[in-house]
Amino acid sequence: MAQLAQTAGLTDIQQEILSTVRAFVDKEILPYANALEHADSYPTDIVDGMKEMGLFGLTIPVAYGGLGESLLTYALVVEQIARGWMSVSGVINTHFIVAHMIARHGTEAQKQLYLPRMAVGEVRGAFSMSEPDLGSDVAAIKTRARRDGDGYVIDGSKMWITNGGSSNLIALLAKTDEGADKSYKNLTTFLIEKPEGFGEVAPGLAIPGKIEKMGYKGVDTTEAVFDGFRIGADKVLGMAPGHGFSHMMDGVEVGRVNVAARACGISIRAFELAIEYAQQRKTFGRPIAEHQAIAFKLAEMATNVEASHLIMVNAARLKDSGQRNDVEAGMAKLFASEQCAKITQDAFRIHGGYGYSKEYEIERLMREAPFLLIGEGTSEIQKTIISRGVLREYKSRR
């Protein structure tokens, strides 16, 4: 059999991109990931390498300086990068989401202004929807943007912004008074330009220091505090006030495929570590891989790695076809993230006591995997989305 997580039907260009990325991961990420992660250091050299490879423009249309590749290509690239170090995939994830939103919903002027610079990594995107008191009820957003002359004034706090300090463009969801009868139709997406860094980065906008996290280190996760921040009306995405909810949900569908891909990447790496260790470690005179208890565990891990990869690929291909994929993206995110947590724990158990040591890579993966159970919506939210979708399709006719 071929190695796990292979994808049928790829073009020669897709195969070349993935081969290049995999070589980059093996040479430039895996040897340094543990040290950088333990030090919580931003992977500057790795990010510069991704810029040189053109990865920041992977999905941006060719007309705007990008490679014009599909969501599937993007997901497979993310899978490989997360196999090396999940934090690095976080550096490009929100960037991809913001670029997708601008390419899909932005005005021509906004596309011309941002996409060519995003393609080369000069402009780096961050995605801001969550708030300190906000759970999954997006319509309950408190951050407000009130109309003032020819622009808006924004007040409120945002939370859990990946790349909050290192980005210079934030796609921000805020409440505007559009007079709509439904709360979600009173939400607007703004394109916030800012300098990189922390503290008061612009008049009325502060980016406090990094949030300390159990895992997902290296990449900066921050809050953003808006206090009388002024912005022009031309910075409304698509010049379409009141359409922020649909803009963001489109981005979230991309993000859920991304989270599924990240989960696949970690699962692949956990399996690689486990099966290598199981063939080297001996007990009772033979490798532990030859003991049925371990062999069966490896069989289950391999099966779930393969299943996670296939369901993720299906969700990406459906989005690429232009079809609605909220249910499939939810399924991919739910299944891949839950299996990632289990596969990583099984790999940890196979390592025995050594898995608890920071000298072993599996210790890092054990702290990274739980994040995927929460990011882009918890498992319970995915189940809500999935159940609504299947009930819609299988509605009783009685």
Side-chain angles (χ1 to χ4, degrees), residues 93-94 97-98 101-102 105 125-165 167-194 198-213 220-256 371 374-378 380-382 384-385:
N93 173 39
T94 55
I97 293 175
V98 177
M101 291 168 64
I102 294 173
H105 306 289
F127 180 82
S128 178
M129 186 166 63
S130 296
E131 296 186 357
D133 297 325
L134 183 69
S136 301
D137 183 10
V138 178
I141 278 177
K142 295 179 180 178
T143 298
R144 288 189 171 273
R146 60 179 175 82
R147 196 64 191 251
D148 185 57
D150 59 353
Y152 291 83
V153 176
I154 301 176
D155 293 286
S157 295
K158 289 292 184 179
M159 195 69 170
W160 306 116
I161 306 174
T162 301
N163 301 316
S167 65
N168 46 20
L169 178 66
I170 299 177
L172 173 86
L173 186 64
K175 182 171 290 187
T176 52
D177 185 8
E178 305 302 328
D181 57 345
K182 296 184 178 179
S183 56
Y184 70 86
K185 291 185 178 180
N186 291 303
L187 301 174
T188 299
T189 303
F190 293 88
L191 299 174
I192 309 287
E193 297 180 54
K194 70 170 188 65
F198 300 95
E200 187 172 358
V201 295
L205 173 56
I207 306 292
K210 295 193 300 183
I211 297 170
E212 295 294 328
K213 309 183 295 288
D220 48 297
T221 305
T222 76
E223 187 180 1
V225 181
F226 295 86
D227 184 10
F229 180 81
R230 304 186 69 88
I231 188 169
D234 61 330
K235 300 304 181 184
V236 171
L237 179 62
M239 296 295 285
H243 289 75
F245 182 81
S246 61
H247 294 160
M248 286 282 172
M249 290 305 102
D250 185 27
V252 165
E253 285 183 11
V254 172
R256 284 176 179 150
F371 168 77
I374 301 167
E376 307 296 358
T378 63
E380 290 70 27
I381 288 297
Q382 308 312 316
T384 299
I385 293 168

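The chain is numbered in sequence order, starting from 1.
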Exercise. Ignoring hydrogens and angles, state whether a donor on the side chain of S157 or E131 is under 3.5 Å from an acceptor on the partner side chain.
Key: no

Quiz item: How about T222 and K210: does a side-chain donor come under 3.5 Å of a side-chain acceptor?
Solution: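 Side chains of T222 and K210: no pair found under 3.5 Å.
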
[X] side, atom [atom1]; [Y] side, atom [atom2] - distance, nearest 0.5 Å:
{"X": "L173", "Y": "S130", "atom1": "CG", "atom2": "OG", "answer": "10.0 Å"}
{"X": "I154", "Y": "K235", "atom1": "CD1", "atom2": "NZ", "answer": "12.0 Å"}
{"X": "M101", "Y": "S246", "atom1": "CE", "atom2": "OG", "answer": "9.0 Å"}
{"X": "K194", "Y": "E200", "atom1": "NZ", "atom2": "CD", "answer": "13.0 Å"}
{"X": "T221", "Y": "E212", "atom1": "OG1", "atom2": "CD", "answer": "10.0 Å"}
{"X": "L172", "Y": "S128", "atom1": "CG", "atom2": "OG", "answer": "5.0 Å"}

Of all heavy-atom pairs between [X] and [Y], which one has the smallest distance, and what is that distance?
{"X": "G204", "Y": "F229", "result": "O-CB, 3.5 Å"}
{"X": "L237", "Y": "I102", "result": "CD1-CA, 4.1 Å"}
{"X": "P208", "Y": "E223", "result": "CD-O, 3.2 Å"}
{"X": "I161", "Y": "F127", "result": "CG2-O, 4.1 Å"}
{"X": "L187", "Y": "S183", "result": "CG-O, 3.9 Å"}
{"X": "A171", "Y": "V98", "result": "CB-CG2, 3.9 Å"}

Quiz item: Given the rule in the side-chain hydrogen bond (donor to acceptor under 3.5 Å, both in side chains) test, do N163 and T94 qualify, once you have shown the distances and angles that lead to the verdict?
Solution: CA-CA 8 Å; N163 301 316; T94 55; 2.9 Å; yes

Quiz prompt | Listed partners of M249 passing side chain to side chain contact (heavy atoms under 4.5 Å, CB included), at least two apart | solution =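 Checked M249 against side chain to side chain contact (heavy atoms under 4.5 Å, CB included); matches are M129, V138, F245, V252.
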
Self-check item: Qualifying residues under side chain to side chain contact (heavy atoms under 4.5 Å, CB included), relative to D148, sequence neighbours excluded
Solution: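 Per chain and number, D148 pairs via side chain to side chain contact (heavy atoms under 4.5 Å, CB included) with R146, V153, R230.
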
Quiz item: Would you say the side-chain atoms of D220 pair up with the backbone N or O of G165, donor to acceptor, closer than 3.5 Å?
Solution: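 Looks like yes, one N/O pair under 3.5 Å.
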
Quiz prompt | Side-chain donor or acceptor of N186 paired with backbone N/O of G179 under 3.5 Å | solution =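 Between the backbone of G179 and the side chain of N186 there is a qualifying donor-acceptor contact (under 3.5 Å).
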
Measure the shortest side-chain to side-chain distance between [X] and [Y] over non-hydrogen atoms and say whether it is less than 4.5 angstrom.
{"X": "D250", "Y": "H105", "result": "yes"}
{"X": "L205", "Y": "V225", "result": "no"}
{"X": "M159", "Y": "I211", "result": "yes"}

Quiz prompt | Q382 vs R256, side chain to side chain contact (heavy atoms under 4.5 Å, CB included): CA-CA, chis, key distance, verdict | solution = CA-CA 10 Å; Q382 308 312 316; R256 284 176 179 150; 3.4 Å; yes

Exercise. Test E193 against N168 for side chain to side chain contact (heavy atoms under 4.5 Å, CB included), laying out the working first.
Key: CA-CA 6 Å; E193 297 180 54; N168 46 20; over 6 Å; no

Quiz prompt | side chain to side chain contact (heavy atoms under 4.5 Å, CB included) assessment of V236 paired with T189 | solution = CA-CA 6 Å; V236 171; T189 303; over 6 Å; no

Quiz item: What do the steps show when you test T143 against K175 for side chain to side chain contact (heavy atoms under 4.5 Å, CB included), and what is the final call?
Solution: CA-CA 6 Å; T143 298; K175 182 171 290 187; over 6 Å; no

Exercise. Evaluate whether atom CG of D234 has more than 12 neighbouring non-hydrogen atoms of other residues, nucleotides or ligands under 6.0 angstrom away.
Key: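 More than 12 heavy atoms, drawn from other residues, nucleotides or ligands, come within 6.0 Å of this atom.
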
Exercise. Indicate the ring-plane relationship of Y152 and F190, choosing parallel, tilted or perpendicular according to the 30° and 60° boundaries.
Key: perpendicular

